[in-house]
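Note: hydrogens, waters and symmetry copies are ignored here, and every other heavy atom, side chains too, is used. These numbers were taken from a predicted model, which means no experiment stands behind them.
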2 protein chains.
Amino acid sequence: MENPGHTSYADDPKIDALVNETIGRVADKWTLLVLEALEEAGARRFSDLGRSVPGISQKMLTQTLRQMEREGLVSREVFAEVPPRVEYRLTDLGHELGEAFCGVWQWAERNLARIEAARADYDARKAP
Amino acid sequence: MENPGHTSYADDPKIDALVNETIGRVADKWTLLVLEALEEAGARRFSDLGRSVPGISQKMLTQTLRQMEREGLVSREVFAEVPPRVEYRLTDLGHELGEAFCGVWQWAERNLARIEAARADYDARKAP
DNA sequence: CTGAATCCGCTCTGATACTG
DNA sequence: CAGTATCAGAGCGGATTCAG
């Protein structure tokens with residue numbers, strides 16, 4: 001504890017703001033789920049992806065993929081065929097992000113019970 | 001690589017859904033910022049926190065702190081004084097989450113330039 | 001099949017005012 | 001100081017429709 005070097009991620013508040021903004025764009029629900037879906041398979045096409053992400057709508061899938069593409073997390077390959085085929089895959093950057101999130105994922109998985117207990121406890125104290 | 005064990009975080013889809021839901025509640029913008037602010041200082045009072053989190057409104061600060069308290073991330077200590085004083089600090093759980101997010105933070109910081117470049121490139125291709 | 005475009009309800013947020 | 005209450009605007013996200 002004390003200060004092993006992980007408390008301050010950036011000394012420059014300018015950088016800090018940029019980092020926060022970046023995380024904000026990258027850490028939303030659908031992005032996480034698509035990231036996970038793409039980590040399991042090397043490449044996936046649009047509909048396939050839609051089917052493997054639980055409750056995502058076509059609009060949100062499109063939107064999420066566009067944003068991820070813009071941030072450089074996924075690459076998009078269009079095949080000149082009929083019917084059209086488009087494949088998405090993680091870039092190196094995207095894969096690295098997936099690995100980084102791995103820690104958060106594991107934290108959540110490891111502490112599900114604790115969190116559930118905390119919530120139950122809180123609710124019990126609030127509405128007895 | 002191929003499959004070093006970090007692709008599938010949970011075999012049980014039930015658990016997987018729970019984990020996603022948990023992350024959804026814990027990975028929002030304000031929570032991240034408050035988490036960071038609280039990691040730097042052991043304990044902080046309400047207004048102090050408000051001042052150290054860039055553009056947060058009083059309403060969002062209250063809301064975020066309540067939720068974090070509910071999830072067991074922060075503890076809230078009220079002092080019976082006048083004027084009132086309330087101190088917030090991270091629980092062990094909260095601190096562990098902070099460490100888990102450290103990886104994402106570092107990823108973002110390390111790749112700011114790459115992301116910026118990807119975005120510029122994407123925008124250039126889209127609107128030339 | 002892979003999208004883009006539109007309509008629309010609902011939530012999330014910020015501003016403001018008020019309380020203990 | 002540390003909140004709660006309320007209201008209005010912005011934006012998210014789903015359903016549907018249309019196009020290449």
Euclidean distance, atom [atom1] of residue [X] to atom [atom2] of [N] [Å, nearest integer]:
| X | N | atom1 | atom2 | value |
| --- | --- | --- | --- | --- |
| Tyr88(B) | dC1(D) | OH | P | 14 Å |
| Gln67(A) | dA4(C) | CD | C1' | 17 Å |
| Leu61(A) | dA4(C) | CG | P | 11 Å |
| Arg45(A) | dG3(C) | CZ | P | 10 Å |
| Glu77(B) | dG3(D) | CD | P | 13 Å |
| Leu65(B) | dG3(D) | CG | C1' | 11 Å |
| Leu49(B) | dG3(D) | CG | P | 10 Å |

[X]: partners by side chain to side chain contact (heavy atoms under 4.5 Å, CB included), with sequence neighbours left out:
| X | result |
| --- | --- |
| Gln67(A) | Arg25(A), Glu71(A) |
| Ala118(A) | none |
| Leu18(B) | Leu112(A), Glu21(B) |

Next on the checklist: Counting only side-chain nitrogens and oxygens, does Arg76(B) get under 4.0 Å of the OP1 or OP2 atom of dA2(D)?
Outcome noted: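 Negative; the distance criterion is not met.
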Checklist entry - Taking OP1 and OP2 of dA2(D), is either one under 4.0 Å from a side-chain nitrogen or oxygen of Arg85(B)? => result no
Checklist entry - Does any N or O in the side chain of Thr91(B) come within less than 3.5 Å of the main-chain N or O of Ser75(B), such that one atom is a donor and the other an acceptor? => result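 No, Thr91(B) side chain to Ser75(B) backbone: no donor-acceptor pair under 3.5 Å.
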Distance-only check: which donor-acceptor pairs under 3.5 Å involve side-chain atoms of residues 53-65 of chain A, not counting sequence neighbours?
residue  : atom : partner  : partner atom : Å
Ser57(A) : OG   : Met60(A) : N            : 3.3
Thr62(A) : OG1  : Gln58(A) : O            : 3.0
Thr64(A) : OG1  : Met60(A) : O            : 2.6

Next on the checklist: Does the protein touch nucleotides 5-20 of chain D at the base, only the backbone, or not at all? Give it as B, S and - per nucleotide, heavy atoms under 4.0 Å.
Outcome noted: -BB-----BBB----B
Item to check | With Arg44(A) via side chain to side chain donor-acceptor pair (under 3.5 Å) - residues at least two apart | outcome: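 For Arg44(A) the side chain to side chain donor-acceptor pair (under 3.5 Å) partners, ignoring immediate neighbours, are Ser52(A).
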